[in-house]
Amino acid sequence: GGSGATGGSGASGAVKCGSSSCSLPGNKCCHADDGVSAAGTCTAQTTLCAVGFVDMFCDEPADCGAGKVCCERISQVGNLNSIKCEATVADCKPLGSGTASLACNPAAPSCPMNQSCVATSRGYSHCQ
């Protein structure tokens, strides 16, 4: 149960993807990997994304299940590597010399202490 906030950037159980929304868990968003664009295409979870697009399985922790987090990984040059669920905040680690941050829902922010839920140009919000 719980008091799910309605509205916001993407209802839980769906991931915002470009101008549409993909229902979970059967689907994912193939999100543009350029690091700034919000473009994306909904596709079946098992389908490989086209070149220039990366897996996005969540856009807030509610998409991942109780206690889990939605982790955004950015490469060293600022491209999006992936956005996927991880078991804990500690598991949301960067790959190599990139960065990792938590995706969040501005309507129900769940960021660590002294971080805010901030909108990105990529169409979702993250903790920073």
Side-chain angles (χ1 to χ4, degrees):
S3 58
T6 51
S9 63
S12 106
V15 60
K16 193 162 166 27
C17 189
S19 54
S20 63
S21 182
C22 319
S23 60
L24 302 171
N27 301 295
K28 66 181 177 184
C29 178
C30 285
H31 197 287
D33 71 358
D34 62 11
V36 291
S37 166
T41 312
C42 290
T43 184
Q45 200 157 26
T46 51
T47 304
L48 287 175
C49 292
V51 173
F53 292 83
V54 294
D55 288 339
M56 178 175 182
F57 293 106
C58 55
D59 59 6
E60 59 170 316
D63 295 332
C64 297
K68 297 186 177 175
V69 298
C70 181
C71 182
E72 159 208 57
R73 289 185 171 92
I74 308 284
S75 73
Q76 186 180 4
V77 294
N79 289 349
L80 189 60
N81 283 133
S82 67
I83 307 184
K84 60 181 185 167
C85 298
E86 295 289 357
T88 66
V89 173
D91 291 322
C92 186
K93 295 192 283 279
L95 301 171
S97 47
T99 59
S101 53
L102 301 172
C104 54
N105 179 347
S110 53
C111 294
M113 293 264 287
N114 69 37
Q115 292 192 358
S116 318
C117 189
V118 180
T120 69
S121 61
R122 294 182 288 278
Y124 57 89
S125 300
H126 69 178
C127 299
Q128 70 173 39

J.: At what distance, to the nearest 0.5 angstrom, does SG of C92 lie from CD of E86?
T.: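 Spacing of SG (C92) from CD (E86) equals 6.5 Å.
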J.: Measure the spacing between NZ of K28 and NZ of K84 and express it to the nearest 0.5 Å.
T.: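 Interatomic distance, K28 NZ to K84 NZ, rounded to 0.5 Å: 11.5 Å.
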J.: Measuring from K16:NZ to C58:SG, what's the distance to the nearest 0.5 Å?
T.: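 Result: 15.0 Å between the selected atoms.
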J.: Whether the side chain of S75 engages the backbone of N81 through a donor-acceptor N/O pair (distance < 3.5 Å, no angle test) should be reported.
T.: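 Checking the backbone N and O of N81 against the side chain of S75, no donor-acceptor pair under 3.5 Å is found.
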J.: Let me know which of E60, E72, Q115 forms a side-chain hydrogen bond (donor to acceptor under 3.5 Å, both in side chains) with H126.
T.: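 Per the side-chain hydrogen bond (donor to acceptor under 3.5 Å, both in side chains) rule, the option paired with H126 is E72, out of E60, E72, Q115.
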J.: Taking all non-hydrogen atoms of both residues into account, name the closest pair between C17 and G40 and its distance.
T.: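 Minimum heavy-atom separation between C17 and G40: SG-C, 3.4 Å.
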J.: Would I83 end up clustered with I74 when hydrophobic side chains under 4.5 Å apart are linked, directly or stepwise?
T.: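 Linked, I83 and I74 end up in one cluster.
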J.: Cluster question for you: counting only ILVMFWY and a side-chain heavy-atom cut-off of under 4.5 Å, with indirect links fine, are V69 and M56 together?
T.: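 No, it is not one cluster - the side chains of V69 and M56 are not joined through contacts under 4.5 Å.
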J.: Taking it one step at a time, do S101 and C127 satisfy side-chain contact (heavy atoms from CB on, under 4.5 Å)?
T.: CA-CA 6 Å; S101 53; C127 299; 5.5 Å; no
J.: State yes or no: do V54 and L24 share one hydrophobic cluster built from I, L, V, M, F, W and Y residues joined by side-chain heavy-atom distances below 4.5 Å, directly or via other members?
T.: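 Yes, because V54 and L24 connect within a single hydrophobic cluster, where side-chain heavy atoms sit under 4.5 Å apart.
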J.: Which heavy-atom pair separates P61 from K68 by the least distance, and what is that distance?
T.: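 In this case the closest contact between P61 and K68 is CB-O, 3.6 Å.
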J.: Do the side-chain sulfurs (SG) of C70 and C85 come closer than 2.5 Å?
T.: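 C70 does not pair with C85 as a disulfide (SG atoms not under 2.5 Å apart), so no.
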J.: Given side-chain contact (heavy atoms from CB on, under 4.5 Å), test D55 with C49 step by step and report yes or no.
T.: CA-CA 7 Å; D55 288 339; C49 292; 3.3 Å; yes
J.: Picking from D59, N27, T41, what satisfies side-chain contact (heavy atoms from CB on, under 4.5 Å) with C22?
T.: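 Answer after filtering D59, N27, T41: N27.
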